[in-house]
Amino acid sequence: LFVYLSDAELDSLRVKLERKVRYHVGPYCPDREDVVQEAMTRLIRANRANKIQHPENPGAFLGGICNNVIAEYRRRLSREGPDIEDLPERASARRSCAETLEIRDAVDQALSQLLDRDSRILTGMYLEGKSPQEVCAEHDISEDYLRVVLFRAKARFRKIFLQTMKPAACIGHSAREP
Amino acid sequence: VKLHDDEIRRQELIASYLLRRLDDAAVDEFEAHYLGCEECFQDLGAAELLVSGLQRRRLVCHSIGDVTLLRFAFAADLTIGSQDLKALSWNVLEQKDSKVIIDLSRVRRIDSTGLGELMRMQTHLIRGRGALKVLNPSKKVETMLRMTRIDRVVELYHEEQAAIQSFGAAGQAD
């Protein structure tokens, strides 16, 4: 059996795939985990059958598989209808309250440490969808300053994100065959 | 590789992805990239946290005993795709609070998505042995709530104290 992707690589892909699926089916979709699992199963099957053309860069391949699984899921939903009763409960079970509050506190603390102007710059770019040129003109700043603001924000929030990934990775991973 | 040559452009792309402003082809392309790029994946996660924090700032949250009062800091729209609606949903559905009052006085518009989301919040809170109450809706929003008969499921109040006390009364009745 010739396996291109290692378990560690598959684990890493699974975490990324969860984000993609969440983006497309929504955070409250009760079948989110099933969609991820199905896409991963197909990837592993293709991996074992030596069917991944570029295993050094499996993103496009996995993205394609995942799009198919999501399309199939949507077709099934349109036939059968969603189980609406199940939505909020499963969604809230995703993370414990303490964990969610901890993340929220960390994010709020990081935001409170930002300069007021930087906060408005980031709001313009990430919430209001303004282009970098518009943001620079509005706040009378150079691209270099914008780059610094983005770099600082990225460093702060990346740190928090990496902390949140630790438990999320444990929750998200199911046992896989050796 | 080109994406990583220009940091501002990369962050703009991430912001556009999160705001759902990319077309399908661009979404596919970016997803195919970040599925294989740890740096972009982490930046996406970081940006999402940043957005969630910024969104929360749109909403002011007061705790009065075990009751949570959510109020928009600025004029808001509870319509399909609106950031205000996303922030509100996040604050109600992802938090531990079960007795929630939403002050709708600054909500200018609400559509079927917004109304559906209110119903979803109510279902979620009832499961947590709480409830959702609505405070001070504008005439336009109140008309929508009454037309769709949501006011029969979600209680409407025009005075903050009355809305807060309604939870106490329910608690005593239990």
Side-chain angles (χ1 to χ4, degrees), chain A residues 12-13 15-17 19-20 23-24 27-28 56-64 66-67 84-85 87-89 91-92 94-95 97-98 100-101 103-104 106-108 110-111 119 122-123 125-132 143 146-147 150-151 153-162 164-165, chain B residues 6-12 14-21 24 27-58 83 87 89-97 116 119-128:
Chain A
S12 167
L13 283 172
V15 174
K16 294 185 181 95
L17 190 63
R19 178 167 297 278
K20 173 178 162 74
Y23 182 87
H24 288 280
Y28 309 125
E56 73 283 359
N57 184 16
F61 187 81
L62 181 57
C66 187
N67 288 343
I84 290 166
E85 285 300 307
L87 295 184
E89 204 167 69
S92 63
R94 195 154 48 91
R95 276 192 172 131
C97 292
T100 310
L101 286 173
I103 297 166
R104 186 169 70 168
V107 169
D108 289 346
L111 277 175
S119 179
L122 294 169
T123 300
M125 192 146 166
Y126 288 96
L127 270 193
E128 293 162 4
K130 290 177 181 163
S131 69
E143 275 212 349
L146 177 62
R147 198 169 284 117
L150 294 176
F151 178 80
K154 194 174 79 173
R156 281 171 205 250
F157 288 94
R158 234 190 194 198
K159 206 171 161 186
I160 301 169
F161 175 67
L162 290 175
T164 69
M165 286 298 293
Chain B
D6 186 345
E7 183 57 22
I8 291 180
R9 168 75 192 114
R10 198 163 70 91
Q11 292 302 324
E12 187 186 11
I14 288 172
S16 300
Y17 177 75
L18 289 174
L19 291 170
R20 295 178 185 268
R21 289 185 167 196
D24 289 350
V27 166
D28 278 351
E29 197 179 335
F30 179 57
E31 286 176 342
H33 174 77
Y34 84 65
L35 282 168
C37 175
E38 196 62 33
E39 190 179 352
C40 283
F41 174 68
Q42 288 183 13
D43 282 356
L44 181 61
E48 201 173 31
L49 286 177
L50 169 64
V51 167
S52 74
L54 292 171
Q55 276 178 341
R56 261 199 316 283
R57 287 190 160 194
R58 289 169 180 246
Q83 297 296 326
S89 298
W90 194 91
N91 269 276
V92 176
L93 296 173
E94 294 282 334
Q95 303 305 311
K96 64 173 178 132
D97 316 307
M119 292 300 293
R120 181 180 287 191
M121 290 172 200
Q122 173 70 316
T123 310
H124 174 70
L125 295 173
I126 285 173
R127 286 194 173 153

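Values in this document were obtained by computation on a predicted structure and should not be read as measured data. In the text below, chain A, chain B and the rest are named by the order of the sequence lines, each starting its count at 1.
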Region of Leu111(A) in contact with chain B, defined by heavy-atom distances below 4.5 Å: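 It is both, since atoms from each part get that close.
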Taking side chain as everything from C-beta outward and backbone as N, CA, C, O, which of these in Phe61(A) sits under 4.5 Å from a heavy atom of chain B? Side chain, backbone, both or neither.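 Contact with chain B is absent: no heavy atom of Phe61(A) under 4.5 Å.
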Heavy atoms from other residues, nucleotides or ligands near CD of Glu29(B) exceed 12 (cutoff 6.0 Å):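 No, because the 6.0 Å sphere around CD of Glu29(B) holds 12 heavy atoms or fewer from other groups.
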Of all the heavy-atom pairs spanning Ala32(B) and Ala60(A), show the shortest one and how long it is.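 Smallest interatomic distance, heavy atoms only, reads CB-CA, 3.6 Å.
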Over all heavy atoms of both residues, which pair between Gly63(A) and Lys20(A) is shortest? Give the atoms and the distance, please.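 For Gly63(A) versus Lys20(A), the nearest heavy atoms are O-CE, 3.7 Å.
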Is the Tyr34(B) ring parallel, tilted or perpendicular to the Tyr17(B) ring (thresholds 30°, 60°)?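 The rings of Tyr34(B) and Tyr17(B) stand perpendicular, inter-plane angle above 60°.
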If you count heavy-atom pairs within less than 4.5 Å of chain B, which of Pro58(A), Ala110(A), Gly59(A) leads?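 Highest number of pairs under 4.5 Å: Gly59(A).
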Hey, does the side chain of Arg158(A) reach the backbone of Glu39(B) with a donor-acceptor pair shorter than 3.5 angstrom?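 A pair under 3.5 Å: yes.
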Identify which of [options] forms the greatest number of heavy-atom pairs closer than 4.5 Å to chain A.
options                                : answer
Ala15(B), Ser52(B), Gly45(B), Ser16(B) : Gly45(B)
Asp28(B), Val27(B), Leu54(B)           : Leu54(B)
Glu31(B), Arg21(B), Met121(B)          : Glu31(B)

Which region of Arg9(B), side chain (C-beta onward) or backbone (N, CA, C, O), has a non-hydrogen atom less than 4.5 Å from a non-hydrogen atom of chain A, or is it both or neither?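 Neither the backbone nor the side chain of Arg9(B) comes within 4.5 Å of chain A.
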Pick one of side chain, backbone, both or neither for Leu19(B), based on which atoms fall under 4.5 Å of a heavy atom in chain A.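 For Leu19(B), the contact with chain A is made by the side chain alone.
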In chain order, what residues pass the side-chain contact (heavy atoms from CB on, under 4.5 Å) check against Leu18(B), with sequence neighbours excluded?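 Leu18(B): side-chain contact (heavy atoms from CB on, under 4.5 Å) contacts with Ile14(B), Leu44(B), Ala47(B), Glu48(B), Val51(B).
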